[in-house]
Structure formats: C-alpha cells, structure tokens
Amino acid sequence: MNERQLFTKLLKKCSKNYLLDRGKQVHGAVEIFGFGRDLVLNNDLVDMYAKCRRMDLACSVFDRMPERNVVSWTALMCGFLQNGDAKTSLSLFSKMGLSAVKPNEFTLSTNLKASGILGIAENGKQIHGVCAKSGYECVPVVSNSIIDMYSKCDRISEAARMFNVMPVKNLISWNAMIAGYTLKRNGEEALKLFRMMQERGEAPDEYTYSSLLKACGCLGAVREGTQIHASLITQGFPYLVQSTVSGALVDLYVKCRNMVEARRVFNQIEQNNVISWNSLILGYAQEGNLPETMNLFQLLRESKHQVDGFLLSSLIGVFADFALVEQGKQMHAYTVKVPYGLEISVANSILDMYMKCGLTDEADALFREMPVRNVVSWTVMITGFGKHGIGKKAVDLFNEMQVDGIEPDSVSYLAVLSACSHSGLIKEGQEYFSSFCRNQHCKPQVEHYACVVDLLGRAGRLKEAMDLIEKMPLKPNVGIWQTLLSACRMHGDVEMGKHVGDILLRLDGNNPVNYVMMSNIYADAGYWKESENIRYVVKRKGLKKEAGCSWVEIDKKVHFFYNGDENHPLTEKIHGILKEMEKRMKEEIGYVHNTKFSLHDVEEESKVESLRFHSEKLAIGLALLSGGPKDGQRMIYVFKNLRVCGDCHTFIKGLSKFLKIVFVVRDANRFHRFENGICSCGDYW
DNA sequence: CACCTGGTGC
C-alpha cells in the first residue's frame, strides 16, 4: 500500500468514528507529504470534517481545492444535510448546476432528501425531473429518495406512483413507502403494504418494524402491535435491546394505555435514549400519575441525557389538559432556566396551558412578550379567546395576525370560525368562511363546515344548515350531523331532528351520545314512548358513555369527582351544602331542577337525586365548603371532561347570582363564565 | 459522497 492509499484509509476511519483530533493530524501529514492538491484526498478530508460536524473546516478545504469533482460537491452537501442544514445543501446544488460538474446518483439522492426535510414539493419535483432526464430515476437509491421526498412533502399518491412503477424494489423501497403511509397516519395502508411484503417473501428489518409499530400506535391497534411484538420475541429479533425498535414499542404500549408493558419494554432496553424516556414520562403524565411522572423527569435530569423542547412542550400540554395550574407554572419557571425553553413550540405550549387553565391575562401578557411568534402561537390565542366566549378578541387577533404578515392556515381558520360560533358572531363567521373558500393555499375541511353549521344552527337557520351539509363537496361525518342535531333540539325542531337522528344512527350506531340526543329530542316534545324506546336500545346494546368527571384545585391539591361519587371524605358535608344551596335558591330565585336540559347526559341521570350529585356540582360543593374563592379573587374554577349538563348550568347561574361569586367552568367544549346569573356561553353550547 | 426508523402542539 502506498502513502496515498494509507491516508485515505486513515481518513475514512476518522470519519466513521468522528475522530476530529486524529483527523486533523492526518490532514497535517497529507500536506507535509505533498498531497495538498490531491483531488481524492481532499474529498476524503471534506467528508472527514463534515462527519466530525466541523462544516467550517470542511468548507475551507473545499474552497482551497484546485479542482473539484462531483464527489467533492456531494460530500459537502451531505455534510450540511447531516448537520441539519438542508437549505445550504440545496443552494450548493444549484451552484453546482452552474459549473461543468454533473450530478450523480448520490448528489440527487442527497438533495431529494433535503427537499423532503424542508417539505418543498416544487423543489423536489424539479430534482425528480433531473433524475428522469438523466436516467438516474431507475437507480434504486434515487427512486427510494423520490418516494421519501414525496411522502415528506405530503404528496403520498405521487410517492405511491413512483413505488408502483419501480422495476426493482429493494427493502429500502418498501420501508420508505411504509414510512410514508405511517407519516401520514394512514396505518391501514402501512399494514396492508407490510402484508404484501410478507407475501412476496421480503424480509423486514428494524426500520420496517419501527414504522409498523408506529402505525399500530396511530391506529390504536393493540392486537396487531402485540402480535408484532410477540413475533419479534419468538424470532429472537436481535434489536429488542436496542433503542429504536423498542422505543417504538414503548410508545405503542403508551398509546394503548398499557403502562405496565411499556415500562417492562423500557427496562429491557440496554441503552435508552431520550425518545423512549419521553414516551414513558408522557405516558405516566397522560394517565394522571403525577408522582411517577415527576420521579422519572427527575431521573432523566440526573441521567446523561438532556431534557429537550419536545418533552417540555408535551408535558406542559398534559398539564394543560388536566388544568394543573401549579405544575404548569412550575414547568414554566423551569423552561426559563434552560436553553431549549426558548423553542417556540415550548412557548406555544405555555400559552396554551394558561388559556386552558382559564388564565387569559397571563397568556396574553406572555404572548405580547414573545420575541418570535408563529401561526401556532396566534392560533393558540384565537382558540383560547374563542373558548372563553370572547369572540371579539379572537376576531381582532385573527386580523392582527395577517397584518403581522402571517398567513392563516386551516387550523387558524378553524379557530376563528369556532370563536365566532361560540360568541354568536354569525355575520363575521360567514365572512371568514367565504374568504377561506377563496383562499388559494388551503381548502375548508368537514370541521370548518361543522362550524358554519353550528353558526347557522345557533341562529335557528336550520334549513340553511341542512342545505349546506347536503351541498358541501365533502362527505359529511358524524360530528357535523351531531352539531345539526344539537341545533334541532335547541330550537325544538322534532321533525328535522328525527331525520338527522336517523342518518346519524345509521352512520354511527354504537355511540351512546347519538341515542341520548335523540331520546332527549323526543322527551322535550312529549313523545315519551319514543324516548324510552331509544334509551332501551342503549341498554340492550350495552353502550356506555365515558364517565363524567370533574375536578377542582384547592390549596394546590386537585380533587376529582365522578357522577354520584361518594368517595371523598367530605361527601356528607358536600351533599349538605349543595342541598342548602338548592333550598335557598328555590326560595330566593325560584330554581327548580331542570331535567329538560340534560342534553349531554346519559342513562338514569334524569332523576333528581342523580342530577343533584353530578360531578361538577360535587366539585363546586367542595370549593364552597373550603371557603370559596381565595386570594381576594371572587372566582372558583372547575374543570369537567364532558360537557356541562343543562341542570348544572342553571344551578351554577343561580349560584353566581345570589352568592356574588364568579364561577369559571371548563368543559369538553368551551369555558363557561358565570357571573351574576348570566353565562358567557349565552346558554348555547 | 447515498436511500428507509422511534417521542409534542392548535
């Protein structure tokens, strides 16, 4: 072996093992031995510095090269891509196009990948054109990259077309296509492709399994996921102690709410990485296991891994869902101290947390302070104000956002439309909807139509709402019919309600909510027999609604209540104070139990006894028992997982009037702010 | 010099 070959071999070894200092020594030797102008060795040097994450040094070698070939260019582009700078790779690609050097399959693949990462379909399509013209399209590396690029650019059908016409598919082609479907949350197609792969006798590898397990997680397909897990074990799959496949397994079990199994897989992994840590911690948080969440969070901080923005924003998101203000504030304080706390997604999750906990002022102050805001930041605020029934502010923000130069996307349109419907801003809502229809970039989805149906329904324009559903270019879903059905009930339109109910039950006959709504419509109109019949069907089918649960925070401790719950140590006293309130309300403002408005409730709850002990009332009872609002604020916050029932709504309105207390209730749909006998929802929710 | 993998959010 001559010296030149030796240097190449040494440099490759440095690249592979990220040995920067050793690489620098070899670089020095290359110069001393007079190989400073050697093309191949310079290419190796560029690659070595790039792999050692020193793009500055890679560039200086590249710049001083007397001549460059396609390998020199590609090594540099690759380096930028691997260091997270896809943009520079693409601009180098166009710079290279001006020189005489022609791209090869490596160059094309690298820049297809860069386009995919940036999600720029136009760019990728252009490179695809170059591939087609030069004949590289048929080289597997290139076609695989094309599949990857299209699926990352949200053009899954073009990815599938490439996959289908490829004359030779290798394992990576299958993996890329399965990953593409998984990315778009199309778990069914991913599993279908996997079955096809098995029929053809293709052996899967760890990439295939990672994607597949993710697909199962998206589908909530516990059975398929467990099967795959079992077959990995029986095959003696060598990767189960490694983090990638097992990380996907941990996440699968977390998504399927099986924390015992998730923990078991996690414990088996020899080298856990941040991702599996994050999955596990989030899993504990989502099931409300706060001690284990914080325990693991602490262990992670003590480990060699770094807490990242991903974990922070998702953890804060869980606190927001549970309305754990104290935990949320603690986390906010923590984010201020760490560098990744500055990430915009973390700031957005904090905004969202304050909004979901009812602290609009805190959110607003933080929002105004943020140095950088993106469309998500604005959308969080618009959604938040919308759910508080402060439609004016939501609308103003939506307009201000556009003045600020940020284009609304389909989620922000949803936010503003829903804000309009929650606040009864009918005209404004319709205007935003038509401007959305004229938008070049995105089209309304079923959810947007549902907002407009709600808007029209609220105004009693049921016929127009029905027309809209029938004329819209999309297939109506369960949600949109439910919206119309609610409107039918609110306006006492039994005939249309019956029609809509029939459609709904045919579409989704296993959701008890649909039956309850129908039953209530009949009951309101005095059709007792029909109402009973429907309730009977629910019983016969054994359909169960999610258990109603409310909670309230008192002295930094959260108390949970279920409907009719008698587990709280103060139950008797809570019942006592609620009965006393009812009595006073009856005498002072003529309150009677309102069974008519049990719209969102199910089963035997129409009985006065059970209405009295709905979870939200129990929570309020405890808050009153503990001396009412603290800190001089005349406010009590209560949170509920389902929608607040009509009777409770009337009850709380009454309470707010004669106790002179403001009650804020967050239900599954929006905030209700009760003040002096009036609710911010205007009795329509 | 290259292609495919795992965790948030409205």
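In the text below, chain A, chain B and the rest are named by the order of the sequence lines, each starting its count at 1.
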Between CZ of Phe62(A) and C1' of dC1(B) the distance, given in whole Å, is 12 Å
Checking dT5(B), dG6(B), dC10(B) against the side chain of Lys214(A) (C-beta onward), the nearest is dG6(B)
Rounded to whole Å, OH of Tyr136(A) lies from P of dC1(B) at a distance of 16 Å
When rounded to whole Å, the CG to C1' distance for the pair Asn111(A) and dC1(B) reads 12 Å
What's Lys12(A) touching, base or sugar-phosphate or nothing? Going by heavy atoms closer than 4.0 Å. sugar-phosphate
Which of dC3(B), dT8(B), dT5(B) is nearest the side chain of Ser345(A)? It is dT8(B)
Contacts of Gln298(A) meeting side chain to side chain donor-acceptor pair (under 3.5 Å) (sequence neighbours excluded), chain-then-number -> Glu302(A)
Inset, instruction - Verify the ring-centre separation between Tyr181(A) and Phe194(A): is it less than 6.0 angstrom? - result: no
Pairing of Lys214(A) and Asp251(A) as salt bridge, 4.0 angstrom limit = no
Testing dT5(B), dC4(B), dT8(B) for proximity to the side chain of Asn175(A), the answer is dC4(B)
- Message: Please classify the nucleic acid contact of Asp308(A) as base, sugar-phosphate, or nothing, using heavy-atom distances under 4.0 Å.
- Response: base
Show me the side-chain donor-acceptor pairs of residues 146-153 of chain A shorter than 3.5 Å, one per line, residues at least two apart or across chains.
residue: Asp148(A); atom: OD1; partner: Lys152(A); partner atom: NZ; Å: 2.5
residue: Asp148(A); atom: OD2; partner: Lys152(A); partner atom: NZ; Å: 3.4
residue: Tyr150(A); atom: OH; partner: His128(A); partner atom: ND1; Å: 2.9
residue: Ser151(A); atom: OG; partner: Ile147(A); partner atom: O; Å: 2.9
residue: Ser151(A); atom: OG; partner: Asp148(A); partner atom: O; Å: 3.2

Would you tell me if any nitrogen or oxygen in the side chain of Lys152(A) comes within less than 4.0 Å of OP1 or OP2 on dT5(B)? yes
From the candidates dG6(B), dT5(B), dC1(B), the one with an atom nearest any side-chain atom of Tyr207(A) is dT5(B)
Checking dC4(B), dG6(B), dT8(B) against the side chain of Asp148(A) (C-beta onward), the nearest is dC4(B)
Per side chain to side chain contact (heavy atoms under 4.5 Å, CB included), Tyr284(A) is matched among Leu290(A), Asn295(A), Thr293(A) by Thr293(A)
Looking only at dA2(B), dC4(B), dC10(B), the nucleotide nearest the Cys78(A) side chain is dA2(B)
Winner on side-chain proximity to Phe106(A), out of dA2(B), dC10(B), dG6(B), is dA2(B)
Phe310(A) CZ to dG6(B) P, in whole Å, measures 10 Å
Among the nucleotides dT8(B), dG6(B), dC4(B), whichever has the atom closest to the side chain of Ser314(A) is dT8(B)
Within the 4.0 Å heavy-atom criterion, would you say Ser109(A) contacts the bases, only the backbone, or no part of the nucleic acid?
sugar-phosphate
To the nearest angstrom, the CD1-C1' distance between Ile275(A) and dT8(B) comes to 12 Å
Taken to the nearest whole Å, CG/Asn69(A) to P/dC1(B) is 12 Å
So, is Lys113(A) near the phosphate of dC4(B), with a side-chain N or O under 4.0 Å from OP1 or OP2?
yes
Check your understanding: Mind checking whether Trp174(A) and Phe163(A) have parallel, tilted or perpendicular rings, split at 30° and 60°?
Key -> perpendicular
Discussion item. So, does Gln82(A) get its side chain near the phosphate of dA2(B), meaning an N or O under 4.0 Å from OP1 or OP2?
Written reply: yes
### Task
Report yes if a side-chain nitrogen or oxygen of Lys387(A) is closer than 4.0 Å to either non-bridging phosphate oxygen (OP1 or OP2) of dC10(B); otherwise report no.
no
note: Met353(A), atom CE; dC10(B), atom P; distance rounded to Å ~ 14 Å
Thr74(A) has its side chain closest, among dT5(B), dT8(B), dC1(B), to dC1(B)
ask   = Taking the six-membered ring for Trp, are the ring centroids of Phe398(A) and Tyr432(A) within less than 6.0 Å of each other?
value = yes
Point to revise | Phe436(A) ring center within less than 6.0 Å of His448(A) ring center | key: yes
In whole angstroms, the gap separating P of dT5(B) from CG of Leu171(A) amounts to 12 Å
Centroid-centroid under 6.0 Å between Phe433(A) and Tyr413(A) rings:
no
*Would you indicate what Ser279(A) reaches in the nucleic acid, counting non-hydrogen atoms under 4.0 angstrom: base, sugar-phosphate, or nothing?*
sugar-phosphate
Taking Watson-Crick and G-U wobble contacts under 3.5 angstrom, with | marking pairs to another strand and [ ] crossing pairs, the secondary structure of DNA chain B is written ..........
Closest to the side chain of Asp352(A), out of dC10(B), dG6(B), dT5(B), is dC10(B)
Taking any heavy-atom pair under 4.0 Å as a contact, classify Asp251(A): base, sugar-phosphate, or nothing. sugar-phosphate
Which part of the nucleic acid, if any, lies within contact of Asp409(A), taking any heavy atom under 4.0 Å across all strands shown: a base, the sugar-phosphate backbone alone, or nothing? nothing
